[in-house]
There are 2 protein chains.
Amino acid sequence: MQPIAPSSREKILETAEVLFAARGFSAVGMREVADRVGLSKSALFHHFASKLELYLAVVERILVDIDARQEAAAQPKSDAFERVWHWIEVTIDTLAENPSHARLLLRTLFEEDDVAPEDEDHLDQLLAKILRRVGQAIQEGIDRGELRPVSIPHTLQSIVGMTVYHFASGPVGEKLFGDEIYSSAQVRQRKEEVFQLLRRGLLVTID
Amino acid sequence: MQPIAPSSREKILETAEVLFAARGFSAVGMREVADRVGLSKSALFHHFASKLELYLAVVERILVDIDARQEAAAQPKSDAFERVWHWIEVTIDTLAENPSHARLLLRTLFEEDDVAPEDEDHLDQLLAKILRRVGQAIQEGIDRGELRPVSIPHTLQSIVGMTVYHFASGPVGEKLFGDEIYSSAQVRQRKEEVFQLLRRGLLVTID
DNA sequence: ATTCCGTCCGACCGGTCGGTCGGTATCAAA
DNA sequence: TTTGATACCGACCGACCGGTCGGACGGAAT
């Protein structure tokens, strides 16, 4: 299913991502996507069999991107917390770079699945892979006595909440931070705040 | 605008809350709400001028409830962190009691406002009041030297992320916790995990 | 008995939704 | 030069959307 041609398909995906991220699946019409891309609505259905398929392709693209970025980030660290933090930092970077990722990700995390069983499974596996990577690092830290014996699922939820939600919180976030959530200074501070909170919260001994 | 009769209006609000929370504003039709309540669609428009007004009424109801619960929770605590934590605990209780609250709240937090300026302001003020209450308590703790000099907005975002997101995360949360997020045991553990993370993360000296 | 009002309904409106269909232009392989 | 596949379009479809309208029913006040 690759040789359909890259250019238009890619433009459709990018445009749809922004719209879906901003307003959600059902509030975005195929007509609107088509107009923004500069194609006819029929052309969209040439590239994607249905609206749902387009949506799933958008989500998968994001998950694959995050997974690849985490994978690419080498981790020669021996320190358990440093390894956990390294992955979190990479994820924060990708979320801060493109807010649409964060918003769309948050949607898929808490929205009821209207999804077909087949593709749902695929996306779930991608997501599980990303979470498992961080979860296992925490578990190893606990086993080695470096980290407190926290609940892995609960800690993952906290991490997701502190990262994905932060960069997805649109109007409210902008009200709290004055429209500068995504500025490099604010991103740096976000990292620092989360880092301190997690370090003190997770480590057994703080130096 | 009170003597419209409580019964039907209340049933509409409750039904709409569940639907809006599960699938969002645009994915829910007035016909569906009407059918679930057992009324005709026209009857809904008798009680609420438009779909948007119904949605705003649902959101306001939730915010007022949370605000009232926080207000009702007396806080004779002299300890700064205990006061902060007390409010967080109350909020966690209300979110855990009715998942629809958490989900709908999360939606309004990060979804773009399609809202009219007037009512938007009203809801924003309610939300700001709830956040300010916790924020000021943290600030006082910092001023008194009990809490680390953290960024108030960032800390608020972290708290929201750890509480609202957790109880709003539908399928993903259920996959992590085995369909028991809202069980009293899991809620208790959630409190404990968040408590430990915040206590160690915020306090200057941990005893 | 009449008036009035809150509550509710069925029928209907214009518009938009996701999706289909027949057809055209292009280009490469035969 | 024909064939076939890719990319695209305009016109169209049935279903459904939020919202309106005129009227029916019942109880309370006059």
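A note on names: the letters A, B, ... follow the listed sequences, proteins ahead of strands, and every chain is numbered from 1.
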Under 3.5 Å, N/O pairs linking protein and nucleotides 17-21 of chain D:
residue, atom, partner, partner atom, Å
dG18(D), OP1, Val28(B), O, 3.3
dG18(D), OP1, Lys51(B), NZ, 2.9
dG18(D), OP2, Met30(B), N, 2.9
dG18(D), N7, Arg31(B), NH1, 3.2
dG18(D), O6, Arg31(B), NH2, 3.3
dG19(D), OP2, Lys51(B), N, 2.7
dG19(D), N7, Lys41(B), NZ, 2.4
dG19(D), O6, Lys41(B), NZ, 2.3

* Would you say a side-chain N or O of His47(B) is under 4.0 Å from OP1 or OP2 of dC8(C)? -> yes

* Asked: Considering only dC9(D), dC8(C), dT6(D), which nucleotide approaches the side chain of Leu39(A) most closely?
  -> dC9(D)

* What residues form a ring pair (Phe, Tyr, Trp, His ring centres under 6.0 Å) with Tyr55(A), not counting sequence neighbours? -> Phe20(A), Phe25(A)

* In sequence, state the C-alpha distance, the side-chain angles, and the governing distance for Leu54(A) and Leu13(A), and then conclude on side-chain contact (heavy atoms from CB on, under 4.5 Å). => CA-CA 7 Å; Leu54(A) 169 59; Leu13(A) 283 171; 4.1 Å; yes

Please produce a list of atom pairs where a protein N or O lies less than 3.5 Å from an N or O of nucleotides 24-26 of chain D.
none

* Scan side-chain atoms only and decide if Glu140(A) and Gln136(A) contain a donor-acceptor pair under the 3.5 Å cut-off. => no

* Using a strict 4.0 Å threshold on nitrogen-to-oxygen distance, state whether Glu17(A) and Arg103(A) make a salt bridge. => no

* Are Glu14(A) and Arg36(A) ion-paired here, with the side-chain N under 4.0 Å from a carboxylate O? -> no

* Apply ring pair (Phe, Tyr, Trp, His ring centres under 6.0 Å) to Phe81(B) and list each qualifying residue two or more places apart in sequence or on a separate chain. => Phe195(B)

* Figure out the NE2/C1' separation between His46(B) and dG6(C), and round it to whole Å. => 5 Å

* Asked: Which nucleotide in the set dG10(C), dG6(C), dT6(D) lies at the smallest distance from any side-chain heavy atom of Ser40(B)?
  -> dG10(C)

* In chain order, what residues pass the ring pair (Phe, Tyr, Trp, His ring centres under 6.0 Å) check against Tyr165(B), with sequence neighbours excluded? -> none

* **Residues which pass ring pair (Phe, Tyr, Trp, His ring centres under 6.0 Å) with His154(B), listed by chain and number, not counting sequence neighbours** => His166(A), Phe177(A)

